[in-house]
J.: 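Sharing a structure below in structure tokens format, with a few things to ask.
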Amino acid sequence: MKSKWLYKLKPLLITTIVLIGIYLVGSYIRKLFGNMCGNEIVQKSASPSGDKVAYIFQRDCGATTEASYQLSLIDADEELPNKSGNTFVSDNDFQIKWINNKKLRVNYKNSSETYEMDKRVDWTKIEYVGK
């Protein structure tokens, strides 16, 4: 009687062990390689009131894509996340200037290829000036 149960449980046990092994290997590979992209901060500029911070950074995702210059506007108590910018993305560098607490100006080259140009992030208006 014992051997009958053992033969029925054996495939289930093997399948369970294999699935756990696949999960553990996948977790290890994710930790080992992680996110292949990285952000290098070029400029950090706080709003006049200090409640928002504008980050210009260069994002590089390795050999498969070219690095780009990006802008993220986030709350002052947050850190720049390792992801794409939430405001502006360009193939050339650019400058920013806070006009007031609710308005940020982005000066960029007209010859730049831009991939994102958000006009507003939360309550902050973004003004773009091409030169």
Side-chain angles (χ1 to χ4, degrees):
M1 195 73 153
K2 283 185 178 181
S3 61
K4 219 178 199 184
W5 280 101
L6 186 58
Y7 284 118
K8 287 183 179 181
L9 285 177
K10 192 174 180 180
L12 180 62
L13 288 173
I14 291 172
T15 303
T16 303
I17 291 169
V18 168
L19 290 175
I20 290 171
I22 290 171
Y23 172 79
L24 292 174
V25 168
S27 296
Y28 176 75
I29 289 173
R30 264 192 308 277
K31 286 180 184 178
L32 183 64
F33 293 105
N35 188 343
M36 298 296 284
C37 298
N39 294 340
E40 182 180 330
I41 297 172
V42 174
Q43 181 184 350
K44 177 181 175 182
S45 179
S47 64
S49 66
D51 62 334
K52 297 283 183 187
V53 177
Y55 285 93
I56 297 176
F57 58 95
Q58 190 173 27
R59 184 161 177 83
D60 189 353
C61 291
T64 58
T65 60
E66 288 193 29
S68 60
Y69 290 89
Q70 303 193 15
L71 174 64
S72 275
L73 186 61
I74 59 176
D75 291 335
D77 60 349
E78 296 178 31
E79 289 189 28
L80 180 67
N82 187 20
K83 60 183 187 178
S84 294
N86 69 358
T87 308
F88 181 63
V89 179
S90 174
D91 65 342
N92 285 312
D93 61 338
F94 55 89
Q95 289 79 41
I96 57 171
K97 180 180 180 184
W98 285 97
I99 305 304
N100 57 45
N101 285 324
K102 299 292 181 190
K103 189 173 186 180
L104 180 71
R105 179 176 295 142
V106 176
N107 294 305
Y108 69 100
K109 298 174 188 166
N110 277 335
S111 61
S112 299
E113 185 150 346
T114 58
Y115 306 99
E116 180 176 352
M117 293 178 80
D118 292 346
K119 303 272 189 211
R120 184 175 297 278
V121 175
D122 295 329
W123 301 106
T124 305
K125 183 179 177 186
I126 315 298
E127 173 184 276
Y128 296 95
V129 179
K131 295 181 181 183

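No hydrogens, no waters, no symmetry mates; every other heavy atom, side chains included, goes into these values. Everything numeric in this text was worked out from a predicted model, so none of it was measured.
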J.: Side-chain heavy atoms under 4.5 Å apart, restricted to Ile/Leu/Val/Met/Phe/Trp/Tyr: what other residues fall into the cluster of Tyr115, or is it alone?
T.: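 Once heavy-atom contacts under 4.5 Å are chained together, Tyr115 belongs with Val89.
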J.: What do you reckon, is CD of Glu78 surrounded by more than 12 foreign heavy atoms closer than 6.0 Å?
T.: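 Counting other residues, nucleotides and ligands, CD of Glu78 exceeds 12 neighbours.
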J.: Looking only at non-hydrogen atoms, find the nearest pair between Ala67 and Gln58 and report the distance.
T.: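 Answer, listing the atom of Ala67 first, then Gln58: CB-NE2, 3.6 Å.
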J.: How long is the span from the CZ atom in Arg120 to the CG atom in Asp118, to the nearest 0.5 Å?
T.: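 Taking CZ in Arg120 and CG in Asp118, the distance rounds to 11.5 Å.
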J.: Tell me if the centroids of the rings in Tyr128 and Phe88 come within less than 6.0 Å of each other.
T.: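 They qualify: ring centres under 6.0 Å apart.
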J.: If you compare all heavy atoms of Arg59 against all heavy atoms of Cys37, which two are closest, and at what distance to 0.1 Å?
T.: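 Scanning both residues, the minimum pair turns out to be NH2-CB, 3.2 Å.
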J.: Any side-chain heavy atom of Leu71 sitting closer than 4.5 Å to one from Phe94?
T.: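 Yes; the side chains approach each other to less than 4.5 Å.
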J.: Is the closest side-chain heavy-atom distance between Thr87 and Gln70 below 4.5 Å?
T.: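 Thr87 vs Gln70: side chains apart.
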J.: How long is the straight-line distance from NZ of Lys109 back to NZ of Lys131, given to the nearest 0.5 Å?
T.: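 It is 11.5 Å, given to the nearest 0.5 Å.
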J.: With distance as the sole test, does Asn92 use its side chain to make a donor-acceptor pair with the main-chain N or O of Tyr108 at under 3.5 Å?
T.: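 Checking the backbone N and O of Tyr108 against the side chain of Asn92, no donor-acceptor pair under 3.5 Å is found.
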J.: Would you name the heavy atoms of Asp91 and Tyr69 that are closest together and state the gap between them?
T.: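 Closest pair (atom of Asp91, atom of Tyr69, distance): O-CD1, 4.0 Å.
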J.: Please find the pair of heavy atoms, one from Ser90 and one from Ser112, that lie closest to each other, and give the distance.
T.: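 Distance-wise, the nearest heavy atoms are OG-CB, 3.4 Å.
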J.: Would you say Ile74 ends up clustered with Met117 if hydrophobic residues are merged whenever their side chains have heavy atoms under 4.5 Å apart, either directly or through other cluster members?
T.: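 No, no single cluster joins them.
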J.: What's the separation between atom CG in Asp77 and atom NZ in Lys52, rounded to the nearest 0.5 Å?
T.: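 Here the rounded value is 9.0 Å.
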J.: Check residues 95-106 and write down every donor-acceptor pair under 3.5 Å in which the side-chain atom is one partner and the other belongs to a residue at least two apart or another chain.
T.:
{"residue": "Trp98", "atom": "NE1", "partner": "Ser45", "partner atom": "O", "Å": "3.1"}
{"residue": "Trp98", "atom": "NE1", "partner": "Ser45", "partner atom": "OG", "Å": "3.4"}
{"residue": "Trp98", "atom": "NE1", "partner": "Ala46", "partner atom": "O", "Å": "3.3"}
{"residue": "Asn100", "atom": "OD1", "partner": "Lys102", "partner atom": "N", "Å": "2.8"}
{"residue": "Asn100", "atom": "OD1", "partner": "Lys103", "partner atom": "N", "Å": "3.0"}
{"residue": "Asn101", "atom": "OD1", "partner": "Ser49", "partner atom": "N", "Å": "2.6"}
{"residue": "Asn101", "atom": "OD1", "partner": "Ser49", "partner atom": "OG", "Å": "3.2"}
{"residue": "Lys103", "atom": "NZ", "partner": "Glu127", "partner atom": "OE1", "Å": "3.1"}
{"residue": "Arg105", "atom": "NE", "partner": "Glu127", "partner atom": "OE2", "Å": "2.4"}
{"residue": "Arg105", "atom": "NH2", "partner": "Glu127", "partner atom": "OE2", "Å": "3.0"}

J.: Could you work out, with salt bridge (Lys or Arg N to Asp or Glu O under 4.0 Å) as the rule, every residue matching Lys44, not counting sequence neighbours?
T.: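 Salt bridge (Lys or Arg N to Asp or Glu O under 4.0 Å) check on Lys44 returns nothing, list empty.
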J.: Could you pull out the closest heavy-atom pair between Val121 and Asn86, with the gap in Å?
T.: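 Nearest heavy atoms, Val121 then Asn86: CG2-O, 3.9 Å.
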J.: If every non-hydrogen atom of Gly130 is compared with every non-hydrogen atom of Asn110, which pair is closest and at what distance?
T.: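 Heavy atoms only, the tightest pair is CA-OD1, 3.2 Å.
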